[in-house]
Trainee: 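My questions will all concern the structure given below.
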Amino acid sequence: MTKQTILILDFGSQYSQLIARRVRENKVFSKIIPYNTPAKEIAAMSPKGIILSGGPASVTEKKSPHPDKGIFKLGIPVLGICYGMQLITEMTGGKVKNTKEREYGKTELFIDNNRTLFNHLPGNLTCWASHGDHVKKMPPGFINLAHTNNAPVAAIGHVQKKIYGVQFHPEVTHTNKGTQILGNFLFKICGCLSRWTMESFIKESVENIKKTVGRKDRAVLGLSGGVDSSVTALLLHKALGKNLRCIFIDNGLLRKDEAQQIKKVFRDNFRLNLLCVDRSKRFLGRLKGITDPEAKRKIIGEEFVRVFEEEAAKTKGVKYLAQGTLYPDVIESLSPIGAPSSKIKSHHNVGGLPAHMKLKLIEPLRDLFKDEVREIGKEMGLPEALLYRQPFPGPGLAIRIIGEVNEKYLDLLREVDRRVTDEIRKAELYEQVWQSFAVLLPIKSVGVMGDERTYENVVAIRCVSSLDGMTADWTQLPYETLQKISSRIINEVKGVNRVVYDISSKPPATIEWE
């Protein structure tokens with residue numbers, strides 16, 4: 001790896017992605033890998049440090065997941081968090097036991113040694129704990145760094161070997177000074193430097209794209225108009241110039257007038273080599289009779305690739321397909337081999353890709369979160385209208401229509417969606433929330449309109465706040481805004497007589513309904 005990297009071994013913790021984000025906030029690159037990655041492979045990556053995530057298992061269980069023991073012999077600093085600390089204890093000669101004195105939630109931490117991991121921290125602070133196991137016996141050479149009222153050993157360290165463990169979660173905001181604790185590990189113990197910036201990423205990405213594609217070969221990019229594909233287009237254009245051809249596919253699953261708007265922006269403003277093709281009938285034909293959301297995603301993903309291959313075949317020298325895949329897409333779609341975390345859903349450009357492709361993939365944003373992509377877009381001069389555009393799923397409105405997709409439902413949902421967006425913008429909330437959209441439900445309800453009984457469609461409004469899409473909270477929209485949205489939909493969109501509001505957070509729900 002050319003950049004300084006912290007590797008995070010994933011043991012199924014709900015906070016693994018949060019650990020990665022916290023490391024990056026310190027301008028150090030981080031990457032999540034399966035917990036059972038061989039030590040030789042880890043050594044070949046030349047990381048500056050290794051973090052063992054927490055997890056739902058207990059080291060006292062016989063089949064609990066363990067990393068390659070060789071990681072402790074690489075001479076690379078290691079930090080174990082919660083379950084990770086218990087693993088360090090058991091695997092280096094200590095003992096962990098399950099006790100009745102469990103710690104869940106906010107706990108007072110008392111620091112006994114502030115020379116390394118807790119350098120320049122106060123004598124006690126509030127931390128967030130979630131465990132039922134405690135260290136009964138510390139491994140040889142380790143010292144006790146901190147304790148709580150219920151856990152005599154809440155943090156351990158082997159100064160010479162640079163192996164540390166904490167029984168709490170420094171990555172969550174509930175832990176006071178958690179960022180500083182991680183910073184001490186990154187900078188004081190691992191010797192990292194704050195070099196992970198979007199400016200450095202742009203420079204490195206452009207060089208990598210040039211080396212990958214070369215001077216003679218060409219690449220095609222699926223341009224949707226969203227911030228991900230737009231930033232990908234700018235990176236590819238900067239690296240390849242005329243050897244990049246952007247293809248916009250109208251799959252019939254877009255929002256109202258979206259196809260026309262995208263053509264105008266990218267042809268007139270960016271002067272990109274843009275080809276627009278209408279394949280709406282083809283996509284809708286493949287989706288006929290399909291109700292399973294995973295099947296929808298896979299069909300749409302496959303059709304996207306096939307259309308790209310067909311269009312690319314018409315252009316000489318095209319060997320690469322570029323996509324705006326992000327890190328959350330990868331994490332949610334593909335569980336690391338052997339990792340205990342489960343697949344949440346297939347994203348059309350990750351899990352939905354066909355097994356055999358004629359084109360090689362280029363995914364320059366694959367290791368980035370959404371807010372990092374926006375930073376790059378800002379750095380490269382992307383207009384704010386595109387930069388802060390709310391995320392729109394690759395499968396489009398197909399996964400916002402619960403059940404079978406057809407033109408009638410698509411037209412209805414487009415009209416509903418436009419009114420939702422219009423009122424959110426009028427309330428000056430569009431850029432403050434992560435996503436705001438409508439979902440067409442597969443049910444009808446009784447209503448009264450014009451003194452007559454109606455039996456029409458129900459739509460759900462979904463509005464969430466988030467930073468990167470990995471977690472999200474439902475937005476408490478003003479009652480006035482909700483009233484206007486409901487009133488406009490019911491009065492202006494024929495075929496809808498009931499509007500409901502989704503108040504689910506992620507997790508346990510996902511942002512999209514399918």
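Heavy-atom basis, side chains included; hydrogens, waters and symmetry copies ignored.
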Trainee: Closest heavy-atom contact between N150 and P152?
Mentor: O-CD, 3.6 Å

Trainee: Could you pull out the closest heavy-atom pair between P56 and G12, with the gap in Å?
Mentor: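 Scanning both residues completely, I find the closest heavy atoms to be CD-O, 3.6 Å.
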
Trainee: Before we go on, tell me: are the rings of F304 and F283 under 6.0 Å apart, centre to centre?
Mentor: yes

Trainee: Can you list everything that forms a side chain to side chain contact (heavy atoms under 4.5 Å, CB included) with T175? Sequence neighbours excluded, please.
Mentor: C127, W128, F168, V172

Trainee: How close do P139 and I156 get, counting heavy atoms only, and between which atoms?
Mentor: CD-CD1, 4.5 Å

Trainee: For I6, run the side-chain contact (heavy atoms from CB on, under 4.5 Å) check against C190, P47, P77 and tell me which one passes.
Mentor: C190

Trainee: So, are K40 and D68 salt-bridged, with charged N and O less than 4.0 Å apart?
Mentor: no

Trainee: Search all heavy atoms of L382 against all heavy atoms of V227 and return the closest pair with its distance.
Mentor: CD2-CG2, 4.2 Å

Trainee: For the CG atom of N184 and the OG1 atom of T116, what is their distance to the nearest 0.5 Å?
Mentor: 8.0 Å

Trainee: Are any side-chain N or O atoms of E204 and backbone N or O atoms of F201, one a donor and one an acceptor, separated by less than 3.5 Å?
Mentor: no

Trainee: Using salt bridge (charged side-chain N to carboxylate O under 4.0 Å, His left out) as the criterion, list what pairs up with D292, not counting sequence neighbours.
Mentor: none

Trainee: For F118, check ring-ring contact (aromatic ring centres under 6.0 Å, His included) against everything at least two apart and list the hits.
Mentor: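 For F118, no residue satisfies ring-ring contact (aromatic ring centres under 6.0 Å, His included) once neighbours in sequence are set aside.
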
Trainee: Below 4.0 angstrom, N of the basic side chain to O of the carboxylate: do E171 and R22 qualify?
Mentor: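 Looking at R22 together with E171, the answer is no, because their closest N to O distance does not fall below 4.0 Å.
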
Trainee: One thing to verify: whether D367 and K31 come together as a salt bridge, which I'm taking to mean a side-chain N less than 4.0 angstrom from a carboxylate O.
Mentor: yes

Trainee: Can you tell me how far the CD atom of Q4 sits from the CG atom of L186, to the nearest 0.5 Å?
Mentor: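 Answer for the CD-CG pair, Q4 versus L186, is 10.0 Å.
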
Trainee: Taking only residues two or more places apart in sequence, or in another chain, which ones meet S200 in a side chain to side chain contact (heavy atoms under 4.5 Å, CB included)?
Mentor: T197

Trainee: Please report the interatomic distance CZ(F142) to CE(M85), rounded to the nearest 0.5 Å.
Mentor: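 Rounded to the nearest 0.5 Å, the CZ-CE separation comes to 9.5 Å.
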
Trainee: Show the nearest heavy-atom pair for residues E514 and R297, with the distance to one decimal.
Mentor: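 Closest approach of E514 to R297: O-NH2, 2.8 Å.
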
Trainee: Enumerate the ring pair (Phe, Tyr, Trp, His ring centres under 6.0 Å) contacts for residues 44-86, please, sequence neighbours excluded, ordered by first and then second residue.
Mentor: F11-Y83

Trainee: Could you measure the distance from the CG atom of N114 to the CG atom of L145? Nearest 0.5 Å is fine.
Mentor: 10.0 Å

Trainee: Output the distance between atom CZ (F29) and atom OG1 (T5), rounded to the nearest 0.5 Å.
Mentor: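 Between atom CZ of F29 and atom OG1 of T5 there are 5.5 Å.
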
Trainee: Measure up the F110 and H147 rings against each other and bin them: parallel (under 30°), tilted (30 to 60°), perpendicular (over 60°).
Mentor: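 It falls in the parallel class, under 30°.
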
Trainee: For S224 and S229, test the side chains for any donor-to-acceptor distance below 3.5 angstrom and give the result as yes or no.
Mentor: yes

Trainee: Under a plain distance cut-off of 3.5 Å, with no hydrogens placed, do E108 and N124 share a side-chain donor-acceptor pair?
Mentor: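 Short answer, yes.
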
Trainee: Can you list everything that forms a side chain to side chain contact (heavy atoms under 4.5 Å, CB included) with D473? Sequence neighbours excluded, please.
Mentor: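 For D473, the residues satisfying side chain to side chain contact (heavy atoms under 4.5 Å, CB included) (neighbours in sequence not counted) are S505.
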
Trainee: Could you report the tightest heavy-atom contact between V59 and S64, atom names first, then the distance?
Mentor: CA-OG, 3.7 Å

